[in-house]
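One structure is given here, and the rest of the page talks about it.
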Amino acid sequence: MSVLVMMWTAELPETPQALNELEYPEKLQKLLLTPNREMGVELVVQMDSGEIEVFNAYRVQHNNSRGPFKGGLRYHHQVDLDDVRSLASLMTWKTAVMDIPFGGAKGGVTVDPRRLSERELEKLTRKLVQAIKEIIGPAEDIPAPDMNTGAREMAWFFDEYSKYKGFSPGVVTGKPVHLHGSLGREAATGRGTVFAIREMLKATHAGKIQDHTFVIQGFGNVGAWAAEILTEHGGKVTAVSDAFGAIQNENGLDIKALRAHVAAGKPLAEFGGGGAIPKEELLYMPCDVLVPAAIGGVIDKDNAARLQCKFVAEAANGPTTPEGDAILREKGIIVLPDIYTNGGGVTVSFFEWVQNLQNFKWDEDDVNRKLDRKMTDAFHKIWTIHKEKNVPLRVAAFVKALQEVTRAEIHRGFD
């Protein structure tokens, strides 16, 4: 194994196995794993108090052989270059798995956004645009929301970039719907997760969504939308949790009522339609499908053996550690990998970008139909590799991604 592949193993442990399946020579491995560009800048911001603070920011552009770089922009106090580099690589593989014409990138600012006022956050965002405007653009690199950023920050980003480059709504995705955003974008990752679960149940001859029970860890945007859409399809969501508590109802939770309860600022665990349980116990609740939709690393070597589900659908990024994944395989639990399961978000980001280039807005039903087709097609390609090569779905997804990126690299040439 090359030194470069060993370096990536810690962050993306599926990569070496996928490369081995494809029998790629070391020189090609180096090409696929090395980022195209890494940029670090310092953002000087005058705070509301009059004090001056300096924030480190990064943008890593991993690969653009299949199209412009694409990846989120996060604001978090633990952001560093290694973190951003790993996530940029993951975006390359995710866009390839979903067969959308983007490459992979990621960006971040080392900041605790809770400490900043709205005005300070706006200044920070505009400073970031000024610092990286020459390496981004609708045909170069298209950022998007990520941890602690959203439609508000994307609107500022679009506005600031347009001051320098002219009207450019396609420079970012995830914008407000009324400001060149896409209908269906808010629910896209959760809806895509449901489409992924549906296809997994079909492929394994396990029946339909309406025949199964679901437990969802995380009741933010992704988890809440996945829960609501699962119930619309007849599924029974028996337990959910957030960062502060958990609730269960063996007969199924009323998800719309629960969402209204949480939106009103009330604690999830105080919802009257179920009974509170320790949030640490949620992963071990009996169910057909467990959907981790919160943070990474929640299923590990210490708790994987206690899971009482038949399937795990990874709506979060990296919810299962390599050690936890090995235990799930031993238990016969099928894991639908994050690189595919949560691909609905970047797919509808692509749809938003296309609408911006066309200057024509699609209706929501059209967006959802196109998302369904993308999720379905991607699953069938992964499943075919899974069956032909007798590898886990996670490895099959990375094999598919590597094949797509390699084909583009070779056809475009190396000069």
Discussion item. Under the criterion side chain to side chain donor-acceptor pair (under 3.5 Å), I'd like the reasoning laid out for Tyr75 against Thr125: C-alpha separation, chi angles, the key distance, then a yes or no.
Written reply: CA-CA 10 Å; Tyr75 289 174; Thr125 304; 2.7 Å; yes
Evaluate the side-chain contact (heavy atoms from CB on, under 4.5 Å) criterion for residues Leu282 and Gln217: first the C-alpha distance (whole Å), next the side-chain angles of each, then the deciding distance (0.1 Å), finally the verdict. CA-CA 7 Å; Leu282 182 110; Gln217 191 235 5; 3.4 Å; yes
Determine whether Asp242 and Lys279 satisfy the following criterion, salt bridge (charged side-chain N to carboxylate O under 4.0 Å, His left out), listing intermediate values before the conclusion. CA-CA 8 Å; Asp242 62 11; Lys279 64 178 183 177; over 6 Å; no
Derivation of the side chain to side chain donor-acceptor pair (under 3.5 Å) call for Gln355 and Ser182
CA-CA 8 Å; Gln355 292 171 75; Ser182 176; 3.0 Å; yes
**Message:** Between Lys310 and Val289, does the side-chain contact (heavy atoms from CB on, under 4.5 Å) criterion hold? Intermediate values first, please.
**Reply:** CA-CA 6 Å; Lys310 300 172 184 175; Val289 184; over 6 Å; no
Report task. Starting from the C-alpha separation in whole Å, work towards a yes-or-no answer on salt bridge (charged side-chain N to carboxylate O under 4.0 Å, His left out) for Lys208 and Asp211. Result -> CA-CA 5 Å; Lys208 300 180 179 179; Asp211 303 322; over 6 Å; no
Can you list the steps and then say if Asp288 with Lys236 is a salt bridge (charged side-chain N to carboxylate O under 4.0 Å, His left out)?
CA-CA 10 Å; Asp288 295 317; Lys236 185 186 296 184; over 6 Å; no
Requested in this report: Could you give me the CA-CA distance, side-chain angles and deciding distance for Arg369 and Asp366, then say whether salt bridge (charged side-chain N to carboxylate O under 4.0 Å, His left out) is met?
Outcome: CA-CA 5 Å; Arg369 280 194 303 271; Asp366 198 19; 3.5 Å; yes
For Val54 and Leu43: C-alpha separation, side-chain torsions, deciding distance, then whether side-chain contact (heavy atoms from CB on, under 4.5 Å) applies. CA-CA 5 Å; Val54 180; Leu43 309 178; over 6 Å; no
* Apply side chain to side chain donor-acceptor pair (under 3.5 Å) to the pair His380 and Glu199, showing each step before the final yes or no. => CA-CA 8 Å; His380 289 165; Glu199 294 307 307; 3.2 Å; yes
Output, in order, the C-alpha distance, side-chain angles, deciding distance and verdict of side-chain contact (heavy atoms from CB on, under 4.5 Å) for Ile333 and Cys309.
-> CA-CA 7 Å; Ile333 296 174; Cys309 58; 4.1 Å; yes
Review point. Could you go step by step and tell me if Asn317 and Asn342 meet the side chain to side chain donor-acceptor pair (under 3.5 Å) rule?
Key: CA-CA 8 Å; Asn317 283 320; Asn342 62 31; 3.0 Å; yes
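Ring-plane geometry between Phe311 and His212 is classed as perpendicular, the angle between the planes exceeding 60 degrees on a 0 to 90 degree scale with a lower cut at 30.
At a threshold of 4.5 Å between non-hydrogen side-chain atoms, the residues Pro169 and Val171 do not count as touching. Put simply, the side chain of Leu307 reaches to within 4.5 Å of the side chain of Leu328, judged on heavy atoms. Side-chain contact between Ile52 and Met47 is absent, with no heavy-atom pair separated by less than 4.5 Å. The shortest distance between side-chain heavy atoms of Arg394 and Tyr340 does not fall below 4.5 Å. Side-chain atoms of Phe55 and Val44, non-hydrogen and from C-beta on, never get closer than 4.5 Å to each other. Side-chain contact between Phe158 and Leu179 is present, with at least one heavy-atom pair separated by less than 4.5 Å. Leu73 has its side chain within reach of Leu128: a pair of non-hydrogen atoms, C-beta onward, lies under 4.5 Å apart. Arg185 places none of its side-chain heavy atoms less than 4.5 Å from the side chain of Val177.
The OG1 atom of Thr347 sits 4.5 Å away from atom CD1 of Ile100, with the distance rounded to the nearest 0.5 Å. If you take CD1 on Ile216 and CD on Glu228, they are separated by 11.0 Å, rounding to the nearest 0.5 Å. The distance from the OG1 atom of Thr34 to the CZ atom of Arg85 is 10.0 Å, given to the nearest 0.5 Å. Going from atom CD of Glu118 over to atom CG of Leu116 covers 11.5 Å, rounded to the nearest 0.5 Å.
For the residue pair Thr376 / Arg198, a side-chain donor-acceptor distance below 3.5 Å is found, with atom types taken as modelled.
A donor-acceptor pair under 3.5 Å is formed between the side chain of Thr149 and the backbone N or O of Asp146. Of the possible polar contacts, one joining the Glu352 side chain to the Gly174 backbone as a donor-acceptor pair under 3.5 Å is found. Between the side chain of Arg66 and the backbone N or O of Ala408 there is no donor-acceptor pair closer than 3.5 Å. Looking at His233, its side chain never comes within 3.5 Å of a backbone N or O of Gly235 through a donor-acceptor pair. Remark: side-chain polar atoms of Ser168 are not paired, donor with acceptor, to backbone N or O of Ser162 under 3.5 angstrom. Using modelled atom types, one side-chain atom of Thr193 and one backbone atom of Thr189 make a donor-acceptor pair closer than 3.5 Å. When atom types are taken as modelled, the side chain of Thr92 and the backbone of His62 share no donor-acceptor pair closer than 3.5 angstrom. In this structure a side-chain-to-backbone donor-acceptor pair under 3.5 Å is missing from Gln248 to Thr238.
Around NZ of Lys165, the count of heavy atoms belonging to other residues, nucleotides or ligands within 6.0 Å exceeds 12. Heavy atoms from other residues, nucleotides or ligands lying under 6.0 Å from NZ of Lys331 number more than 12. The number of heavy atoms from other shown groups lying within 6.0 Å of CD (Glu250) does not exceed 12.
Comment: Lys175 does not engage Glu153 in a salt bridge, judged by the lack of any side-chain N to carboxylate O separation of less than 4.0 angstrom. A salt bridge links Arg74 to Asp83: one of the charged nitrogens lies within less than 4.0 Å of a carboxylate oxygen. One finds a salt bridge joining Arg126 and Asp159 here, because a Lys/Arg side-chain nitrogen approaches an Asp/Glu carboxylate oxygen to under 4.0 Å. Note on Asp377 versus Lys381: no salt bridge recorded, every NZ/NE/NH1/NH2 to OD/OE distance being 4.0 Å or above. Look at Lys123 and Glu120 and you find no salt bridge, because none of the NZ, NE, NH1 or NH2 atoms lies under 4.0 Å from a carboxylate O.
The ring of His386 has its center closer than 6.0 angstrom to the ring center of Trp383. Proximity of the aromatic rings of Trp353 and His180 is defined here by a centroid distance below 6.0 angstrom, and this criterion is not met. Aromatic ring centroids of Phe69 and Phe102 lie 6.0 Å or more apart.
For the salt bridge (Lys or Arg N to Asp or Glu O under 4.0 Å) with Asp141, the lone residue among Lys106, Lys70, Lys133, Arg59 that qualifies is Arg59. Thr320 pairs in a side-chain contact (heavy atoms from CB on, under 4.5 Å) with only one of the listed residues (Val298, Asp338, Asp325, Asp300), which is Asp325.
Shortest non-hydrogen contact noted between Pro286 and Val215 is O-CG2, 4.4 Å.
With a 6.0 Å cutoff to the six-membered ring centre and a 45° limit on the axis angle, Arg259 counts as a cation-pi contact of Trp225.
Applying the side-chain hydrogen bond (donor to acceptor under 3.5 Å, both in side chains) rule to Lys163 yields the partners Glu160; only residues at least two apart in sequence or on another chain are considered.
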